[in-house]
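Scroll down for the structure; my scribbles are underneath it.
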Amino acid sequence: MERKTFLTGEKVRLIPFDIERDVERLVQWRRNSEYLRMMGSNPAVQYSKEKIKKWLDETTFDPNEVAFIIQTVDDNRVIGEIGLGGFRGNFVNAFVGISIGEPQDWSKGYGTEAMCLILDYGFCQMNLHHISLTVFEYNPRAIRSYEKVGFKHEGVQRKWLNRNGRRWDMYRMGILKSEWIK
Amino acid sequence: MDQPLFETKNYFLTEIDMENDPEQDSMFTRDLLYARLWKKGLVKPLSKQEMKKQYEDMEKILEKERGIHFAVRDKTNEKLIGFVRFAYIGWSNGSTWLQIGVGDVKHRGIAEIELFQFVLTYAFRELNLFRIEIDVPEFEPNLREIVKKAGFTEEVCNREVLFFNGRYWHDYTYGILEPEWQRQN
């Protein structure tokens, strides 16, 4: 078998979380309400260092979760998070979630490449059959990135989210292993 | 206000009985169609001890995810027949993810019809939610019909996300919004 460098692309690599290295940055990103509103459906709330450490212990370091930090290859900057969770069946399906922390790093192709790396990992190492994601209708940048990687639209969870005085749809997208490995 | 919330024509919805329910529920898990509603990952029949642990783990998760679980009992003999669970409630969004499981095959296909009526009234009029969703696998066509008749709309086809009985299956997400339910009633 040809040896390859796993989880590393041209722009980014995926590496484990490190509490000492990462906690300040994770706190900082969560001061940006736009970041929080793109990332999740819970009300935008800031986290203290202690709360982040507790969250890392309970989720990211859970042996049944797969979570990585996104780091730039050129200058080793920690720029985002990506992970697989919500495993269904015996690793038949998982949900992927991704966020890039700083606005200056958005639309640079980092997220798209990180997504390709985790799909490769999910399909070629974990032998998943299908990977799902959800994305809000007000995040067209993310939707375009996911379409570029190969995700297909699988439906719309109508008016799922209540935010900023109105209801928003949440899109469900998915990709099969056979669509990734062509 | 005096309309009883926790019963339908033939069933009571109650709290879990930690002493007696695990044994009955574990018997139901010999049917893997029911077991898969309790055990993610490795789907298998559960012993009463494993079932009790499932109940304890579920209560912790429900507390964290702010969910609600009801045991469903036959009115004639108060025996456990299954459950209704609001597995996740996003209070700020008024959205919930529902699970319904009928372990006793005598009641399957019948209880669900009444339970959906309870769910809709309870979710929209007591919890004041806006949206309910439920996932129904492709290999449960009867349940899909019951869900549609209850007023849910098919919204998502999660392609080949389940492996059961030797092949991959789709899992369908159905949703209903409070204004839609209001119009039906």
Side-chain angles (χ1 to χ4, degrees), chain A residues 36-37 40-45 54-55 58-59 62-65 85-96 123 126-136 151-180, chain B residues 32 35-37 39-44 57 60-61 64-66 87-98 128-139 152-181:
Chain A
L36 290 171
R37 285 172 144 192
S41 60
N42 289 331
V45 157
K54 186 165 183 276
W55 167 70
E58 285 170 2
T59 55
D62 181 332
N64 296 315
E65 299 287 322
F87 293 99
R88 270 198 270 201
N90 244 341
F91 299 110
V92 173
N93 162 259
F95 274 82
V96 64
F123 290 129
M126 298 185 70
N127 202 25
L128 290 169
H129 185 73
H130 177 284
I131 295 176
S132 308
L133 61 84
T134 55
V135 59
F136 303 132
F151 280 91
K152 304 274 187 279
H153 286 269
E154 293 184 336
V156 178
Q157 287 163 274
R158 299 167 303 140
K159 304 202 184 319
W160 199 94
L161 185 71
N162 188 6
R163 188 166 262 167
N164 229 25
R166 59 159 281 193
R167 298 206 72 99
W168 304 86
D169 292 337
M170 183 164 76
Y171 299 157
R172 186 73 70 93
M173 299 176 79
I175 184 167
L176 289 163
K177 184 177 178 177
S178 56
E179 291 165 342
W180 176 250
Chain B
L32 294 182
R36 58 176 289 279
L37 297 170
K39 194 93 173 70
K40 286 186 198 170
L42 211 52
V43 174
K44 59 174 188 145
D57 290 347
K60 285 185 201 149
I61 291 170
K64 192 174 148 198
E65 302 285 358
R66 299 155 293 172
Y88 167 79
I89 302 176
W91 290 108
S92 65
N93 297 308
S95 302
T96 187
W97 177 46
L98 177 70
N128 295 320
L129 298 176
F130 181 84
R131 178 191 157 84
I132 306 170
E133 66 182 42
I134 183 168
D135 291 337
V136 185
E138 187 185 355
F139 51 75
F152 285 73
T153 300
E154 187 180 302
E155 294 178 336
V156 181
C157 172
N158 302 284
R159 299 172 301 148
E160 297 182 23
V161 296
L162 302 171
F163 188 81
F164 194 70
N165 258 4
R167 54 159 278 199
Y168 292 102
W169 302 85
H170 303 327
D171 200 19
Y172 294 97
T173 302
Y174 290 85
I176 185 168
L177 307 178
E178 194 274 345
E180 292 167 346
W181 175 74

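Protein chains get the first letters and strands the later ones, always in sequence-line order, with residue 1 at the start of each.
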Legend entry - Any residue of residues 155-164 of chain A which, by heavy atoms, sits under 4.5 Å from chain B: G155(A), V156(A), Q157(A), R158(A), K159(A), W160(A), L161(A), N162(A)
Which atoms of [X] come close to chain A, meaning under 4.5 Å heavy atom to heavy atom: side chain ones, backbone ones, both, or neither?
X	answer
E160(B)	both
R131(B)	side chain
E178(B)	neither

Legend entry - Residue, of L177(B), V43(B), N158(B), L162(B), that accumulates the most heavy atom pairs under 4.5 Å with chain A: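 Top count of heavy-atom pairs under 4.5 Å with chain A: N158(B).
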Inset, instruction - Could you pull out the closest heavy-atom pair between S95(B) and R167(A), with the gap in Å? - result: OG-NH2, 3.7 Å
Inset, instruction - State, to 0.1 Å, how close N93(B) and S41(A) come at their nearest heavy-atom pair, and which atoms those are. - result: ND2-O, 3.1 Å
Legend entry - Part of residues 167-176 of chain B lying next to chain A, heavy-atom separation under 4.5 Å: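 Those residues of residues 167-176 of chain B which have a heavy atom under 4.5 Å from chain A are Y168(B), D171(B), T173(B), G175(B), I176(B).
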Legend entry - Residue I131(A) versus chain B: region with a heavy atom under 4.5 Å: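 Looking at I131(A), nothing touches chain B.
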